[in-house]
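Accompanying notes for the structure given below.
The chains referred to below are lettered A, B, ... by the order of the sequence lines, with proteins before strands, and numbering in each begins at 1.
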Protein chains: 2
Amino acid sequence: MNTLSYGLLALLTRGPRSGYELMQHIQPIWQAKHSQIYPLLALMEKRGFVQYVPVAQKDKPDKKVYSLTDEGIAALREWVPEPTGDPVKRDEMLLKVYCIGFIEPAQARQLFEERMRMYQCKIEKYHRMLDDLGSETVQAVEAGRMEHPGFGSYILLKRAIGQAESDLDWCRWVVGLLQLNPTGSVGN
Amino acid sequence: MNTLSYGLLALLTRGPRSGYELMQHIQPIWQAKHSQIYPLLALMEKRGFVQYVPVAQKDKPDKKVYSLTDEGIAALREWVPEPTGDPVKRDEMLLKVYCIGFIEPAQARQLFEERMRMYQCKIEKYHRMLDDLGSETVQAVEAGRMEHPGFGSYILLKRAIGQAESDLDWCRWVVGLLQLNPTGSVGN
DNA sequence: TGTATATATGTACATATTTACATATATTTG
DNA sequence: CAAATATATGTAAATATGTACATATATACA
């Protein structure tokens with residue numbers, strides 16, 4: 001049971017999910033490939049933390065829909081109060097920014113503009129996901145009812161939006177600075 | 001040559017550094033242990049990207065001070081325009097927040113208050129590092145002179161502060177929500 | 001005096017993560 | 001019609017990362 005395994009149990013508190021769905025939903029919080037997730041699910045199934053039912057689909061491949069067992073919930077409850085690991089953040093772009101003094105100005109601008117597009121897409125996506133949670137969830141959150149299903153998703157989305165907007169603002173600020181010096185072509 | 005190796009080359013654009021110093025300075029952007037960094041430096045030394053001079057110290061163990069070679073600078077310049085990897089963010093705390101509906105309210109509050117302390121410490125540390133860069137760097141940044149040594153460090157610190165402040169605000173907001181419901185003791 | 005921390009470098013081993021290979025079906029795109 | 005993409009699950013192998021061990025010196029703390 002590593003951190004990702006507990007993360008999968010955490011996702012399953014929202015209800016039954018296939019391995020494929022778990023892989024998709026965990027990406028914003030914890031990047032992992034399916035090749036890492038499937039073996040962990042198989043292990044947790046052996047240990048009795050999760051169970052699955054095979055579901056046949058027309059027009060799509062069959063899937064295994066996993067759900068939490070009582071033992072899985074117990075494992076989750078034991079994990080939460082344990083010391084929480086420090087956040088891991090690794091961003092190649094920031095390493096490139098570190099040596100910006102050695103970079104062609106045009107390449108520097110491209111680095112930041114690429115990221116601006118990325119953050120804008122993410123912000124839009126997260127807003128759509130917020131909308132999908134519905135007004136009932138909004139009311140539960142505003143009332144501080146953390147037991148409400150959707151409370152966790154809502155506050156995590158708010159955080160993700162805040163982070164992306166902060167980074168987007170930063171990119172805009174830097175691009176503004178870079179444009180003060182017309183080294184190279186200002187137009188593309 | 002993996003991403004971390006290029007990152008070490010990027011740090012060395014600021015001037016000669018020991019492996020130990022590189023390990024310390026790269027932490028905010030890319031977490032890595034010394035056990036990963038020392039072998040990479042040895043490899044890059046073999047390949048001629050960096051060179052070192054042994055420096056004897058009184059009161060402290062001897063060290064190897066690495067610096068960039070022309071080949072190292074060339075490698076750096078080839079790396080920058082290559083496609084940039086997506087940022088990797090893994091935070092156990094967010095996984096715990098995801099299943100906040102299954103958590104004891106007191107544990108939830110603790111989770112956020114711990115993080116608030118962490119972010120406050122980081123913000124203070126980053127502000128001290130900004131101050132250490134001096135007013136000359138501030139002027140260079142405000143003039144958009146990206147070739148100035150310190151431009152990269154300055155804008156990276158500004159970003160780190162923005163991110164930490166965004167997260168701190170988020171934690172405060174959530175703690176405020178949790179206090180709306182007096183489940184359990186409000187005082188410690 | 002034993003224990004911890006900081007400086008400083010290194011290796012060995014275990015674990016985590018990514019990439020590549022494998023398979024099957026339906027849809028979209030060129 | 002061929003190629004890519006999305007759904008869906010899995011394994012094998014390579015790489016990246018973390019933990020533990022190893023050594024040496026100085027300082028702080030109990």
Side-chain angles (χ1 to χ4, degrees), chain A residues 1-8 11 16-46 50-66 79 83-92 95 125, chain B residues 1-8 11 16-46 50-67 83-92 95 125:
Chain A
M1 289 296 291
N2 54 22
T3 306
L4 175 55
S5 299
Y6 285 111
L8 295 169
L11 289 222
R17 299 276 184 273
S18 71
Y20 191 80
E21 285 173 314
L22 289 169
M23 184 263 292
Q24 289 180 311
H25 294 328
I26 209 168
Q27 295 308 317
I29 318 181
W30 193 284
Q31 290 84 44
K33 310 285 179 186
H34 72 271
S35 55
Q36 194 180 7
I37 289 172
Y38 288 133
L40 292 178
L41 286 171
L43 253 171
M44 289 199 288
E45 196 264 340
K46 269 186 203 161
V50 297
Q51 58 191 176
Y52 72 87
V53 277
V55 173
Q57 296 185 116
K58 352 141 200 181
D59 303 358
K60 284 183 186 178
D62 298 349
K63 59 182 176 182
K64 294 180 178 181
V65 174
Y66 287 88
W79 163 62
T84 305
D86 286 330
V88 172
K89 297 178 179 186
R90 296 197 180 98
D91 191 341
E92 189 173 10
L95 294 174
K125 191 181 77 176
Chain B
M1 288 296 291
N2 54 22
T3 306
L4 176 55
S5 300
Y6 286 111
L8 294 170
L11 289 223
R17 298 276 185 274
S18 71
Y20 190 79
E21 285 173 315
L22 289 169
M23 184 262 292
Q24 289 180 311
H25 294 328
I26 208 168
Q27 294 308 317
I29 317 180
W30 193 283
Q31 291 84 42
K33 309 287 179 183
H34 72 271
S35 57
Q36 194 180 6
I37 289 173
Y38 289 133
L40 292 178
L41 286 171
L43 253 172
M44 288 199 289
E45 198 264 337
K46 269 186 202 160
V50 297
Q51 57 191 175
Y52 72 87
V53 277
V55 173
Q57 298 186 116
K58 351 140 201 182
D59 302 358
K60 283 183 185 179
D62 299 350
K63 60 182 175 181
K64 294 180 178 180
V65 175
Y66 287 87
S67 53
T84 306
D86 286 330
V88 171
K89 297 178 180 183
R90 295 196 180 100
D91 192 341
E92 188 173 10
L95 294 174
K125 191 181 77 177

Checklist entry - Start at the 5' end of DNA chain C and walk down; is the nucleotide closest to Val88(B) or to Tyr52(B) reached first? => result Tyr52(B)
Next on the checklist: Under a 3.5 Å distance rule, please check whether Gln31(B) uses its side chain to pair with a backbone N or O of Arg90(A) as donor and acceptor.
Outcome noted: no
Checklist entry - With sugar-phosphate meaning primed atoms plus P, OP1 and OP2, does Glu21(A) contact a base, only sugar-phosphate, or nothing at under 4.0 Å between heavy atoms? => result nothing
Next on the checklist: Taking side-chain hydrogen bond (donor to acceptor under 3.5 Å, both in side chains) as the definition, give me every residue that meets it alongside Trp79(A), ordered by chain and number, with sequence neighbours left out.
Outcome noted: Glu92(B)
Next on the checklist: What range of DNA chain C does chain A touch, first nucleotide to last, counting atoms under 4.0 Å from its heavy atoms?
Outcome noted: dA16(C) to dA26(C)
Checklist outcome for this item: So, with a heavy-atom separation below 4.0 Å from DNA chain C, the residues of residues 55-64 of chain B are Gln57(B), Lys60(B), Pro61(B), Asp62(B), Lys63(B), Lys64(B)
Output a table of donor-acceptor pairs, distance under 3.5 Å, between side-chain atoms of residues 20-29 of chain A and any protein atom two or more places apart or on a different chain; print 'none' if there are none.
unit_1	atom_1	unit_2	atom_2	d
Glu21(A)	OE1	Ser18(A)	N	2.9
Glu21(A)	OE1	Ser18(A)	OG	3.4
Gln27(A)	OE1	Ala32(A)	N	3.4
Gln27(A)	NE2	Met23(A)	O	2.7
Gln27(A)	NE2	Ala32(A)	O	2.6

Checklist entry - What is the distance from NZ of Lys33(A) to C1' of dA14(D), rounded to the nearest Å? => result 15 Å
Checklist entry - CG of Leu43(B) versus P of dA16(D): gap in Å, rounded? => result 11 Å
Item to check | Five-pair end axes of the helix from dT1(C)-dA30(D) to dG30(C)-dC1(D) and the angle they enclose, rounded to 10° | outcome: 30°
Item to check | Leu95(A) to Trp30(B) - nearest heavy-atom pair and separation | outcome: CD1-CE3, 3.6 Å
Next on the checklist: Are the side chains of Tyr66(A) and Val50(A) in contact, using a 4.5 Å heavy-atom criterion?
Outcome noted: yes
Checklist entry - Rounded to the nearest 0.5 Å, how far apart are OG1 of Thr3(B) and CE of Met1(B)? => result 9.5 Å
Item to check | side-chain hydrogen bond (donor to acceptor under 3.5 Å, both in side chains) partners of Ser5(B), counting only residues at least two apart | outcome: Asn2(B)
Checklist entry - Heavy atoms under 4.0 Å, any strand shown: does Ser35(A) hit a base, just sugar-phosphate, or nothing? => result base
Next on the checklist: Counting C-beta onward and ignoring hydrogens, is there a side-chain heavy-atom pair between Val65(B) and Arg17(B) closer than 4.5 Å?
Outcome noted: no
Checklist entry - Any donor-acceptor pair under 3.5 Å linking the side chain of Gln57(A) with the backbone of Lys63(A)? => result no
Item to check | Stepwise side-chain contact (heavy atoms from CB on, under 4.5 Å) test for Lys64(B) and Val53(B) | outcome: CA-CA 6 Å; Lys64(B) 294 180 178 180; Val53(B) 277; over 6 Å; no
Checklist entry - Side-chain contact, heavy-atom cut-off 4.5 Å: Leu8(B) with Met44(B)? => result yes
